[in-house]
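On a predicted model such as this, the values are computed, not experimentally measured, just so you know. Because only heavy atoms are used, hydrogens play no part in the values below, and waters and symmetry mates are left out as well, while side chains stay in.
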Amino acid sequence: MIKETIYNLRHQPVVTVVTVTGTALSIFLIMVFVMMNQVRVAPFAPESNRDRFLHYNWLSFKHESWSEGSDSNGPMAWKVVNDLFYTFKSPEAVAAYTSSTDVKSVGIQGEKTFAADVRETNSGYFDVFDFSFVSGRPFSREEEDAGLPLAVIDTNVARTLFGTEQAEGKRFQINGGDYSVVGVVRPVSPIADRAYAHVWINTQSTDMPSSTWAEIGGSYTVTMLVPDGKTAGEVKGDFNRHFEAYNSGLGKSGWTIINRNRPYTQEKLAVSDFANVEPDLETYRKTGYTIYAILLLVPAINLAGMTHSRMRRRVGEIAVRRAFGATRFRIFSDIITENMLITLAGGLIGLLLSLLAAFGFGNVLFAMNYNYSLSPVSVNPSMLLQWSTFGWALLFCFILNLLSAGLPAIQMSRIGLVNSLRGGANK
């Protein structure tokens, strides 16, 4: 079948080029769209546990003294982290961290400084996100509570500061304050926006925990890790009960937290654009399915015409096969199989082109909303070269093949034997 397909393609070069190019372009566009969505939800280090994440990204709240319908939205105060999330025992770990990185001056005393993205975190942050440590370790809960000025830095910062990646125990300064390095990790892409920074410091070594607005508003975001053996729904149910008790007590001081069905899974967080509106995940999915359908149907209609034209030139061949006993089902299946080989060839080209585009133009394709990181947006093979990527490509190739070859295959398998031998295409 492969030899026959190659033979037929070589004898119809123009049709072959148009068919393969059309298939490749279709798969290219679809896979770019898939990858643009995939990097937001698919697991990759140091966010390898995205399927187990529950995010409490923003805090929505109001006060009894405010006018009807008024509320505020933003990161939470450390007091909320401590009273609501540290007392919640269902998660395997709780990461509390500043909602965005801050650009700060980093250097060694007496030497030239440079700018780096710094994020304040708790110790549980390194249990939720799986950083790749080159040397050292994360700071512990005891060190966190003691307010020790400890930092984890990436290898780029380590080499710039100390000329080596083995920087555990070395001292440096952040905005003039002294810090000790406890660990060195591999650099993180801004696409992993929850884990991204150049330097991660113990938040209780700063005055950030005491910095609040409207009493319960602050600078922190929380990500919880669902333990093995439990589902996100079960942990969320536990949280809702825990939250109701906390919110009831908070109400005595006049404050009320508007939950908006939080915490969110990674997929729901990815489509959350506004803190004061719960994201509509179902509408987002339907929009995605519509885009996939358009990207499949438009080229499929054009390819169906090309397939039909290619098959009509082989009416005599099909008739001879029928004369020698080939069944209609055999003719149908052979046409479908042959077209599938062509579709796979075009699909493979389209997939390779989409990967090249992703690696070459990642800063454009995967630009993050409200991203102000110093590092450019980039992707690496672990983000894109996943089984799901190839699975989607094969699925779309299969669907495209059925849409573009199904009707021509049925028509060709029903050709009348006598008239087809004369060169006609009688039904």
Classify the side-chain pair Y220/T203 by whether it contains a donor and acceptor separated by less than 3.5 Å. yes
Taking the side chain as every heavy atom from C-beta outward, state whether F243 and R262 have any pair of such atoms under 4.5 Å apart. no
For residues F61 and N259, determine if any side-chain heavy atom of one lies less than 4.5 Å from a side-chain heavy atom of the other. no
Just jot down the salt bridge (charged side-chain N to carboxylate O under 4.0 Å, His left out) partners of E234, sequence neighbours excluded, or say none. none
Tell me, do T155 and P187 make a side-chain contact under 4.5 Å, heavy atoms counted? yes
Quiz question: by atom type and distance under 3.5 Å, do the side chains of N202 and Y179 form a donor-acceptor pair? no
Test T223 against every option in H55, R52, R50, E47 by the side chain to side chain donor-acceptor pair (under 3.5 Å) rule and name the one that passes. H55
Look at the rings of Y292 and Y289 and say which category their plane angle falls in: under 30° parallel, 30 to 60° tilted, over 60° perpendicular. tilted
Just to verify, which of N57, V222, L84 counts as forming a side chain to side chain contact (heavy atoms under 4.5 Å, CB included) with M76? V222
F53 and L269, any side-chain heavy atoms less than 4.5 Å apart: no
Parallel, tilted or perpendicular: which one describes the rings of Y97 and F129, with boundaries at 30° and 60°? perpendicular
Donor + acceptor pair across side chains of S140, S123 (<3.5 Å): no
Which atom names give the shortest non-hydrogen contact between T221 and S99, and what distance separates them? OG1-CB, 3.3 Å
Name all residues meeting the salt bridge (charged side-chain N to carboxylate O under 4.0 Å, His left out) criterion together with K79; count only those two or more places apart in sequence or in a different chain, and write none if there are none. D83
Looking only at the side chains, is there a donor atom on one of T290 and T287 sitting less than 3.5 Å from an acceptor on the other? no
Side chain to side chain, L355 and M35, heavy atoms closer than 4.5 Å: yes
Checking ring pair (Phe, Tyr, Trp, His ring centres under 6.0 Å) against W200, which of F133, F139, F131 comes through? F131
